[in-house]
Structure formats: structure tokens, C-alpha cells
Amino acid sequence: MSTPLSEINEIHAALSSTFLTSLSAHIEPSPSTTSTGYPLLSLAYRQHQLLQLARLVQENADALCNSLWIDEGKPRQEVVMAEIGAVIGRALRGAKELESWVGGGEEIGEDVKLDGWQEGWKARVEKKAKGVVLIISPWNYPIILTFQPLCGAIAAGCPALIKPSEVVPTFSKLLAELVPKYLDPAAYRVALGGIPEITKILELKWAHIFYTGNGRVARIISAAAAKHLTPMTLELGGKSPVIIDGANLGEGVLEVAARRVVWGKVNNAGQICVAPDYVLIEPAYIPAFIEACRTALESFFPEGALNSADYGRIVSEAHFARVKGLLRDTKGKVVIGGGALDGSEGQEGARARGVEPTVVVLDEATAADDVLLQDELFAPILPIFPVASVAAALEYVRAHEHPLVIYAFTESESVNREVKAGTMSGNVVFNDTFNQLSVDDIPFGGVGESGYGRQPLKWTFEEFVYLRSVVEVPFSEEPKFGGRYPPSSKETLDFFEGCLKIPIPSVEELGRKVNGVNGVNGDTKV
Ligand code: NAD
């Protein structure tokens, strides 16, 4: 089911009209206008829509879970834990905290106190809705990755067009049915379809595009956005490494580390943007790490993962073939798993696309060229890359694109500091995987190849607003401005040239020690 191309312009026009009308909502209607304004920007309206979003997800949890079981074979607990619970919690928190995000209540904005010669002026910063926005979401966590950006758009006062993924058609169709039942159709719409529909959508001018997906498509969308100077949020993925500092893990801790890594890998069968992609570990600790992975998997899935309703499936035939191809082409040694369903087991639909949780040990000399260390795996395959030391692991990570996350398992304070200081990534997580997404009070997002922009909650809201500064200069300040108007004189020039005589201090004078800092040594002026 796709939205007819001819309807896309109409949806855009309707959302634009809602936004324009909302701008006049705070203005007293003059006798010459009949405009009544639209309440989109009022805090009560935004809070109501956020609460409706929480209701939508809560009241339709069964249908939503069922849609992902059909499309992706995704276990119910995974959907409730990582998607449904998070959307309900964050929509409710957004409704409660909206006023503090916006600042200044219905007046919207924060006063700024000026001093010195500007003391008599008024200054304010207002967080204003950017306008009509576009949200493009992927298939892997489609509930949260559609509704979380939408929470931000609603909170900001932006009408939104949502374009869910064509890869999960049952979910996307359900979304298109539910959104108009719960949310204001004048402000929030869904468009269904694939490349022809999204191409048409991208021809139009949006005030912001919030895209979650892969880096290849991100480049197509960025190019389309650039034609309209549209700002974007790009939530992308990449290869998130796991560094295991075996030498600094106490008794029994390596086992816990392995359980936490494997858990991060088996969620949604490894199809997570923050999946632990590969493990960097010294050879001495590899046998114990593999055994601990085996123990963890046996405890998660006593009858075997492919026989468990708690283990997910690969999203499409194309990805199923890709994942099996990775297992075929790796030069590494499969030490756990390696199997895939072949149709003879009687599992149907999405559930027939099963690949076992698989651990592969790569050869130190050839690992870097192995197929498993090229693109983001997005699969339940965990390659183990033997490295000489934690320092060598960090060097490898630094030499590659900035990942979305770096996971490090260590009990050493100095290694902890080295990981933080010596690498770049959107997030860095010590001693666990995946669970950083449950921390509502830190921003999540990428850097470089893993994207830009942040979520959830207040940070998502910030993506959809712009900071508009307001300055009010009273007429009574005029006596202070005499010197700025031409003609200039020696007196006015002397006044403005005061800046040329301001002493510029050294870094030491600012209270900072400088020892061998490049380009700053003692009294050398560089
Ligand atoms: P996908 O195939 O569902 O695509 C995402 C969206 O892009 C869809 O809505 C789709 O319609 C649209 N799209 C596809 N082809 C397009 C084209 N040619 N032009 C314009 N739009 C197009 O999902 P995906 O990209 O396979 O998602 C997986 C990727 O997303 C992984 O790389 C993963 O790491 C990343 N991801 C990132 C996050 C995050 O928050 N950082 C979260 C989840 C997934």
C-alpha cells in the first residue's frame, strides 16, 4: 500500500497551512481578518498530542507487537522492552517537562539580563518551531524510531509528515491507520511507500528532516535536503567495537562481560544500530571469552536459539542472503553457531529467516581484510579480532570511522581514561551494551560517519526548534548612541579604538599551567 504521488503535494500544502495559521493564533484578530488561528503552538495542544501518542501506543500494544512479529519475527518482550515502554515513558515525560524545555510558560522564551551599556535593553531567547518537518524511519526499531522523533516535533510545535519503512509493511499500514485516530490530522500525517514516494517527498521543501537509517541513503537524502538548505538530523549506524581489557577484569568478571556482549548482540538478531559489532581482545583471554559466550547463549536459549520464541529473525530475504553470505565468505573460524534455517524446519514467514547466534575467531594477521570487518554487520555474528594490547585496540578504532558507540569492558581507571581520551564516537559505554539507550538523561547520537544530532526527550525537541533572539532597544537610550552616527570625529574614533589598547593576557595569567603545549611556550608569541 502506497500513498498516491498526487496526494503528497496536498499533504504538504495542508500541513503548511496548519503551521502558517498557527503563527497568527496569538495575535488578536483585527476587524479586517477572519482568521481565528490554530492552537498548534499552545502548550496545552502540544501536551495533549504527546499524551495521545502515549495512549496510541499503550492501547494498541498488542497490534503493534503483532505487526512486528509478522514483518520481522520480533519477540514480544524485545518490542515491549525497547520500543513500547520507552515511547510511553518518554511521551509522558515530554508532556510533563514541556514547559521547562520551552521556557517562560505560554510566553515562550527566556529573558537574558544584559549589563554595562546595554543594561536598559530587553533581550530574550525564544525556542521557535522550525515549521513543517519530515521524519523518515527505518525498519529495525520502527515504533520507537518513528515516535521518538515525532515526540520532539510535537513538543516543538512542528507539523510532521512521517515516512515509515516499506521493509515493515504490516507495521507501516497499522501506523497509517492509528495516527489519524489519535493525533490531530491537520498537523500529523503518514505517507506510505518506497523509493518513488520518498523521492517525491524529498522534492518538497521541509523545515527539518529527521532521518534514521543507513549512511548510503543518508547521502541521497542530504543531497535532496541541500537543494532547499534544509537542516537535518542523521541518526546512522556503523561498526561499534567492543574492547575487552582481559588483564583488568577481576575473578568471574570476564563471564559477566561476555554475557552482556552476547545479550547486546542477540537482541533483534543483531539488527541494532548500537549492536556490539566486533570484539577486540588479547589472545590469552579468547578461550575463556568464547566459553563464557557459549554459557550465556545456552542459558538464554536452552533449546537452541532458533527454537526459541525469544530470539528474533532477519528482516528480509535480501538481508537473510547477505548474512548467510557473510558466514560463507569469512576466513575466520566459527566457534559457536554458524547455522541458519533452510526451510525444512516448518517455520514460516519472517520466522523462517533464522540465523544462529554465531561467534567467529579471526586470524590476527588477516583479520583486518576479513569480510566481517568491512561494513556494519547488522547480524547475529560476533567476530573476535585478536589484538596485542588495549593500546593496539584503540589504535585500530582510531584508524577507522567514528562509531556510534565504543563499548569497553575494564576495571582499570587508567584504561577507562585512555578509552575516553584516545577515541571519538557518539557514545562510550563501560561494562555493558545496549542499555545506554535506557538512560533518558544523556543525549544519544553519532559523530562523523555515525551521524549528527541528538535524541531523546529535550534533545529531540532541540532538533526541531531554532533559537530566535529578540532584542528591544528603548527610544530613551538614544543619548547613548550619539557617537555611532556619522560623521566620525577624533573623539568618537578614540572611543571605538579603545579595543586596540585592551591588554591580552597569557594563558598563565588566566590561571592555567602550560607545559609543552604545542605552540604555547612561555613568552613566545605564535
Ligand atoms: P530502511 O531500509 O528501512 O531505510 C530507512 C528509511 O530510508 C526508510 O524509511 C526508507 O523508505 C528510506 N529509504 C530507503 N531507500 C531510500 C532512497 N533511495 N532514497 C530515500 N529514502 C530511502 O532502514 P536501513 O537504512 O536498512 O536501517 C538500518 C540502518 O539504520 C543501520 O545502518 C542502522 O545502524 C541505522 N540505525 C540507526 C539508528 C540510530 O538511532 N542511530 C537507529 C536504528 C538504525
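As the structure lists them, so they are numbered: ligands from 1, and atoms in each ligand from 1.
Which parts of ligand 1 touch Pro164 is read off a 4.0 Å heavy-atom cut-off, strictly below it: atoms 9 (O). Residue Ile195 approaches ligand 1 through these ligand atoms, each under 4.0 Å from one of its heavy atoms: 18 (N). Listed by number with element, the atoms of ligand 1 under 4.0 Å from a non-hydrogen atom of Asn140 are 43 (C), 44 (C). Short contacts between ligand 1 and Ile136, defined as distances under 4.0 Å to a heavy atom of the residue, involve ligand atoms 6 (C), 7 (O), 9 (O). Remark: ligand 1 atoms within the under-4.0 Å shell around heavy atoms of Leu404 are 41 (N). Here is the list of ligand 1 atoms found below 4.0 Å of a heavy atom in Trp139: 1 (P), 2 (O), 3 (O), 23 (O), 24 (P), 26 (O), 27 (O). Each of the atoms 42 (C), 43 (C) of ligand 1 lies under 4.0 Å from some heavy atom of Leu145.
Aromatic ring pairs are classed by plane angle as parallel below 30°, tilted from 30° to 60° and perpendicular above 60°; the pair Tyr396 and Phe385 is perpendicular.
Within the structure, side chain to side chain donor-acceptor pair (under 3.5 Å) pairs that include any residue of residues 141-153 comprise Arg90-Gln148, Ser137-Thr146, Gln148-Gln455 (at least two apart or interchain).
For His319, no nitrogen or oxygen atom sits less than 3.5 Å from a nitrogen or oxygen atom of ligand 1, counting backbone and side chain alike.
Taking the centre of each ring, Phe300 and Trp263 stay at or above the 6.0 Å mark. In this structure, Trp459 has its ring center no closer than 6.0 Å to that of Tyr452. Between Phe210 and Phe464, the distance from one ring center to the other falls under 6.0 angstrom.
Atom 10 (C) of ligand 1 has its closest protein heavy atom at Glu166 OE1, 3.3 Å. Residue, atom and distance of the protein heavy atom nearest to atom 7 (O) of ligand 1 are Tyr211 CE1, 3.4 Å. The protein heavy atom nearest to atom 8 (C) of ligand 1 is Ser137 O, 3.4 Å. For atom 16 (C) of ligand 1, the nearest protein heavy atom (residue, atom name, distance) is Val217 CG1, 3.6 Å.
Look at Tyr141 and you'll find every heavy atom at least 4.0 Å from all atoms of ligand 1.
Only the backbone of Leu236 comes within 4.0 Å of ligand 1, judged by heavy-atom distances. With a heavy-atom cut-off of 4.0 Å, Gln271 does not touch ligand 1 at all. Contacts between Val168 and ligand 1, counted as non-hydrogen atom pairs separated by less than 4.0 Å, are absent for every part of the residue.
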For a quick test of your reading: what N or O donor-acceptor pairs under 3.5 Å do the side chains of residues 323-332 make, sequence neighbours left out?
from	atom 1	to	atom 2	distance (Å)
Thr330	OG1	Gly332	N	3.0
Thr330	OG1	Asp370	OD1	2.9
Thr330	OG1	Asp370	OD2	3.2

